[in-house]
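Just below is one structure, and these are the notes that go with it.
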Amino acid sequence: MIRPRRLFWPLAAGIALAAAPATAQFGVLSDVVNKAQSAKKIGDGLHSINEQEEIKIGGDLAGMLLGAAPLVEDPAKQQYVNRLGRWLALHSDRPALPWKFALIDSDDFNAFSTPGGYVLITRGLFDRMRNESELAGVLAHEIAHVERKHHLEALQKALRNQSFSEMQRYFSVSTGNGLADRFTDALLSAGKDLYAKGLDKEAEYEADRIGVVIAARSGYSPYGLAGVLQTLSATTEERAYGLHTRTHPLPLDRLARLDSAMGLRFENMPDLIEDTPAFVALRNPALPPRPAPSPPRPARKKRT
Amino acid sequence: MPGLRVLLLAAALLLTGTPALANERGSVIRAGDLYAEPFIDAAKVGPLAPNQPVTIIARKGGWLSVETGGKRGWVRLLIVRLDAATPAPGKSSAALRTGSTGRTVATGVKGLDEGSIQAASVDRVQLARLDRLGASESEARALAVQNRLKESQVAKLKPGKGK
């Protein structure tokens with residue numbers, strides 16, 4: 001695969017060579033080149049990151065989040081969330097990514113996405129959904145973050161002063177390499193800050209808008225996300241709303257933006273699905289397994 | 001076919017849309033109207049004022065069936081917030097967060113909070129399991145057929161205005 005960013009390498013080396021004194025020996029020259037390489041910062045280099053590299057970054061960040069909250073041990077639910085998530089992702093601008101979805105074991109009300117198509121949703125959020133369109137709304141919102149590369153761009157800003165060659169090592173080897181591990185550490189540190197503090201408001205509003213469209217394209221009511229935001233609007237701890245308000249919009253602000261952006265656009269869309277028998281059954285394993293009426297029998301005397 | 005029976009039972013639960021959970025109460029965010037039916041061109045039952053309390057009876061797409069001021073009718077979902085006293089659906093909410101990125105709005109006992117994220121290390125075993133979870137396009141399409149999902153062409157939305 002051609003990696004456009006790497007085409008710049010001969011150019012960078014050429015500049016370093018040209019800048020070296022004409023009398024320098026070859027060994028000295030290569031020293032200069034090495035220093036130029038190791039001093040080179042990532043800067044905007046993540047702009048041209050390829051898909052495989054994006055997936056590697058996203059996988060490590062997903063692995064970090066799984067380190068905080070592991071997968072829920074429920075194969076039926078994991079399979080359902082993956083099929084639903086993939087169906088939604090097929091209606092995004094990046095249908096061909098190797099999308100992975102998962103329920104993670106936390107009571108919290110949250111969902112995450114990482115670059116390359118990883119989407120994690122907490123058990124607490126899943127359990128509080130009123131219907132399948134709410135799950136579709138949340139998954140579609142996360143898919144939108146991946147589509148727009150919101151996290152990748154935020155990481156690029158945070159990592160712009162990291163060494164470019166360390167990042168190259170990170171992409172080309174697995175673990176156990178000093179240079180690569182230095183980049184891994186920097187990536188995880190930046191990722192932890194990002195997932196603890198959040199994206200900027202505009203990225204969230206944009207993901208809300210794209211998410212409702214993905215849900216509607218996929219056949220779900222686009223109001224599922226609004227239902228989840230409404231649930232969040234009932235949060236009792238007003239004082240806690242002060243936390244991170246600079247970088248995270250409040251649920252009511254998100255509802256107002258959706259109200260304005262959606263208008264009456266979806267009013268006359270027919271056949272949108274809010275819930276399905278399969279999802280209700282998945283969420284209610286306690287439903288009696290065989291309630292079917294028994295066939296009529298000839299009347300008999302009952303014993304008392 | 002016990003699986004089919006479960007599905008049929010579940011289908012029966014769906015006949016009337018999504019019933020609101022008990023005690024869902026809210027209030028009107030901005031002035032609007034109460035409608036006789038969940039359509040924008042339905043007859044208006046009366047005006048709704050900001051902060052007017054509503055009791056939610058049922059949900060249908062972008063609409064809520066509500067009782068308010070002695071009247072019953074439908075209001076657009078997007079102009080209603082839930083009261084703080086309303087329990088979140090499903091479980092009591094010790095820890096609620098919003099967005100995709102973890103704004104803590106209440107501190108949870110077992111929450112996936114900043115501290116647990118900062119302390120986390122990459123779990124390679126879990127990651128390998130996650131990487132095996134993905135569904136194929138044909139599996140996704142099979143789910144869509146089962147759930148009778150109909151694809152539509154929908155254009156992207158322009159940004160809305162904030163307050």
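Throughout, protein chains are lettered first and strands after them, A, B, ... in sequence-line order, and every chain is numbered starting at 1.
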Where do [X] and [Y] come nearest, in terms of heavy atoms and distance?
X	Y	answer
A:S221	B:G61	OG-CA, 3.9 Å
A:Y220	B:L149	OH-CD1, 3.3 Å
A:E267	B:W63	OE1-NE1, 3.3 Å

So which part of [X] gets closer than 4.5 Å to some heavy atom of chain B, the side chain, the backbone, both or neither?
X	value
A:R283	neither
A:I104	side chain
A:P98	neither
A:L71	both
A:V119	neither
A:L272	neither
A:D185	neither
A:L84	both
A:S133	neither

Atom pair [atom1]/[atom2] of [X] and [Y] - distance to nearest 0.5 Å:
X	Y	atom1	atom2	answer
B:R141	A:L90	CZ	CG	5.5 Å
A:Y195	B:Q118	OH	CD	13.5 Å
B:N147	A:S218	CG	OG	12.0 Å
A:L250	B:R81	CG	CZ	9.5 Å
A:D208	B:L157	CG	CG	10.5 Å
B:K158	A:S260	NZ	OG	12.0 Å

If you apply the rule side-chain contact (heavy atoms from CB on, under 4.5 Å), what do you find for B:S152 with A:M269, and how did you get there?
CA-CA 9 Å; B:S152 303; A:M269 280 187 71; 3.7 Å; yes
Got [X] and [Y] here, is their nearest side-chain heavy-atom distance under 4.5 Å?
X	Y	answer
A:R130	B:R59	yes
B:L127	A:Y118	yes
A:M64	B:S121	no

Checking heavy atoms, do the side chain of [X], its backbone, both or neither come under 4.5 Å from chain A?
X	value
B:R76	side chain
B:D41	neither
B:I40	both
B:A142	neither
B:V125	neither

With a 4.5 Å cut-off on heavy-atom pairs, point out which of [options] contacts chain B the most.
options	result
A:A261, A:P222, A:A89	A:A261
A:W99, A:Y205, A:Y80	A:Y80
A:L252, A:L258, A:L255	A:L252
A:I214, A:V138, A:D193	A:D193
A:G191, A:P70, A:A69	A:P70

Closer than 3.5 angstrom, by distance alone: can the side chain of [X] be matched with the main-chain N or O of [Y] as a donor-acceptor pair?
X	Y	answer
B:K150	A:P270	no
A:Q230	B:L82	no
B:Q126	A:G63	no
A:R83	B:G134	no
A:K100	B:D131	yes
A:R86	B:A135	yes

Looking only at the side chains, is there a donor atom on one of A:Q78 and B:R129 sitting less than 3.5 Å from an acceptor on the other?
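No pair is found: no donor N or O on one side chain lies under 3.5 Å from an acceptor on the other.
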Among side-chain atoms of A:N82 and B:E139, is any donor-acceptor pair under 3.5 angstrom?
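No donor-acceptor contact under 3.5 Å links the two side chains.
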For A:D60 and B:R124, what are the C-alpha separation, side-chain angles and deciding distance, and is it a salt bridge (Lys or Arg N to Asp or Glu O under 4.0 Å)?
CA-CA 8 Å; A:D60 278 352; B:R124 302 267 163 213; 2.7 Å; yes
Going through the distances and angles, do B:F39 and A:N268 end up as a side-chain contact (heavy atoms from CB on, under 4.5 Å)?
CA-CA 9 Å; B:F39 307 106; A:N268 296 314; 6.0 Å; no
Are B:R30 and A:D259 close enough for a salt bridge, meaning some N to O gap below 4.0 Å?
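Judged by the 4.0 Å cut-off on N to carboxylate O distance, B:R30 and A:D259 do form a salt bridge.
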Taking 4.0 angstrom as the limit, do A:E206 and B:K156 come out as a salt bridge?
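B:K156 and A:E206: not salt-bridged.
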Find the one option among B:P38, B:G62, B:S136 whose heavy-atom pairs under 4.5 Å with chain A are most numerous.
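Most pairs with chain A among the choices: B:G62.
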Can you tell me which of B:L78, B:I79, B:L143, B:V80 forms the most heavy-atom pairs within a distance under 4.5 Å of chain A?
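Heavy-atom pairs under 4.5 Å are most numerous for B:L78.
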